[in-house]
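Have a look at the structure below, then the notes.
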Amino acid sequence: MEIIKLLGYIMIPLSVVISIALMILGKIKHIKYLDPKVPLGRLFYFFGNAFSFMCCVLLINFFSYAMQSKDIIEGIKYLILGYSFGIYGFTFFFMTGMRRAYDIGFPFWGYPIFVGLILLSSFINDTIFEFLMLGMYIFLLQPGRTSK
């Protein structure tokens with residue numbers, strides 16, 4: 001059961017690392033659904049972020065179920081579900097942002113770096129964190145290249 005708990009504790013960071021690796025592989029191999037150069041409109045960006053948020057809520061839910069599981073089979077089941085929702089949710093979150101950034105005219109790799117800076121700024125100052133979170137609304141409000 002200690003292995004199940006260890007895999008549960010590293011579920012969120014490992015899901016982020018795997019999703020970033022999938023995006024790099026998708027860019028190198030030109031995989032259709034992992035290509036950040038496909039433009040994405042404002043509405044799909046909003047719904048994509050809402051969908052990925054719900055996947056991350058399910059990830060946290062299955063994380064808690066895996067921590068409370070009493071036998072190994074139940075823990076493995078919840079770990080598989082949690083990792084599946086985590087990898088899919090984080091990949092979808094980053095890809096919608098990267099596609100929207102490319103549609104606006106920003107470099108697409110700037111979006112994950114910007115999200116990382118936002119999260120790191122929360123350790124420094126909450127006011128800076130809130131100010132940078134407002135920058136996420138640029139992606140919603142700014143018209144893209146295709147809608148000009």
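Since the model is a prediction, treat every value here as computed from it, not as a measurement. Sequential numbering from 1 along the given sequence is applied to the chain's residues.
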How long is the straight-line distance from [atom2] of [Y] back to [atom1] of [X], given to the nearest 0.5 Å?
X: Phe85; Y: Ile87; atom1: CZ; atom2: CD1; answer: 12.0 Å
X: Phe108; Y: Met95; atom1: CZ; atom2: CE; answer: 8.5 Å
X: Ile124; Y: Leu117; atom1: CD1; atom2: CG; answer: 9.0 Å

Worksheet item: Are Arg99 and Phe44 close enough, and set up right, to give a side-chain contact (heavy atoms from CB on, under 4.5 Å), and what steps lead you there?
Response: CA-CA 10 Å; Arg99 286 178 174 177; Phe44 289 123; over 6 Å; no
Fill in: Nearest atoms (heavy-atom pairs only) where Tyr111 meets Ala101
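In terms of heavy atoms, the two residues are closest at CB-CB, 4.4 Å.
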Fill in: Shortest non-hydrogen contact from Asn49 toward Phe93
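Asn49 and Phe93 have their closest heavy atoms at OD1-CD1, 3.3 Å.
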Give the cluster check for [X] versus [Y]: same hydrophobic cluster or not, with ILVMFWY residues linked at side-chain heavy-atom distances below 4.5 Å.
X: Tyr45; Y: Ile113; value: no
X: Phe90; Y: Leu79; value: yes
X: Phe106; Y: Phe46; value: yes

Solution key, residues 53-77 side-chain donor-acceptor pairs under 3.5 Å, sequence neighbours excluded:
residue	atom	partner	partner atom	Å
Ser64	OG	Asn61	O	2.7
Ser69	OG	Ala66	O	2.9
Asp71	OD1	Glu74	N	3.2

Which pairs of donor and acceptor atoms, one on a side chain in residues 3-24, lie under 3.5 Å apart (sequence neighbours left out)?
residue	atom	partner	partner atom	Å
Ser15	OG	Met11	O	2.7
Ser19	OG	Ser15	O	3.3
Ser19	OG	Val16	O	2.8

With sequence neighbours left out, what residues match [X] under side-chain contact (heavy atoms from CB on, under 4.5 Å)?
X: Asn125; result: Thr127, Ile128
X: Ile31; result: Lys29, Leu34
X: Phe114; result: Ile118, Leu132, Met136

Worksheet item: For Phe51, what residues pass the ring pair (Phe, Tyr, Trp, His ring centres under 6.0 Å) criterion, not counting sequence neighbours?
Response: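 Here the qualifying residues are Tyr88, Phe92.
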Worksheet item: Passes side-chain contact (heavy atoms from CB on, under 4.5 Å), Trp109 versus Met98? Steps please.
Response: CA-CA 7 Å; Trp109 283 111; Met98 290 169 71; 3.7 Å; yes
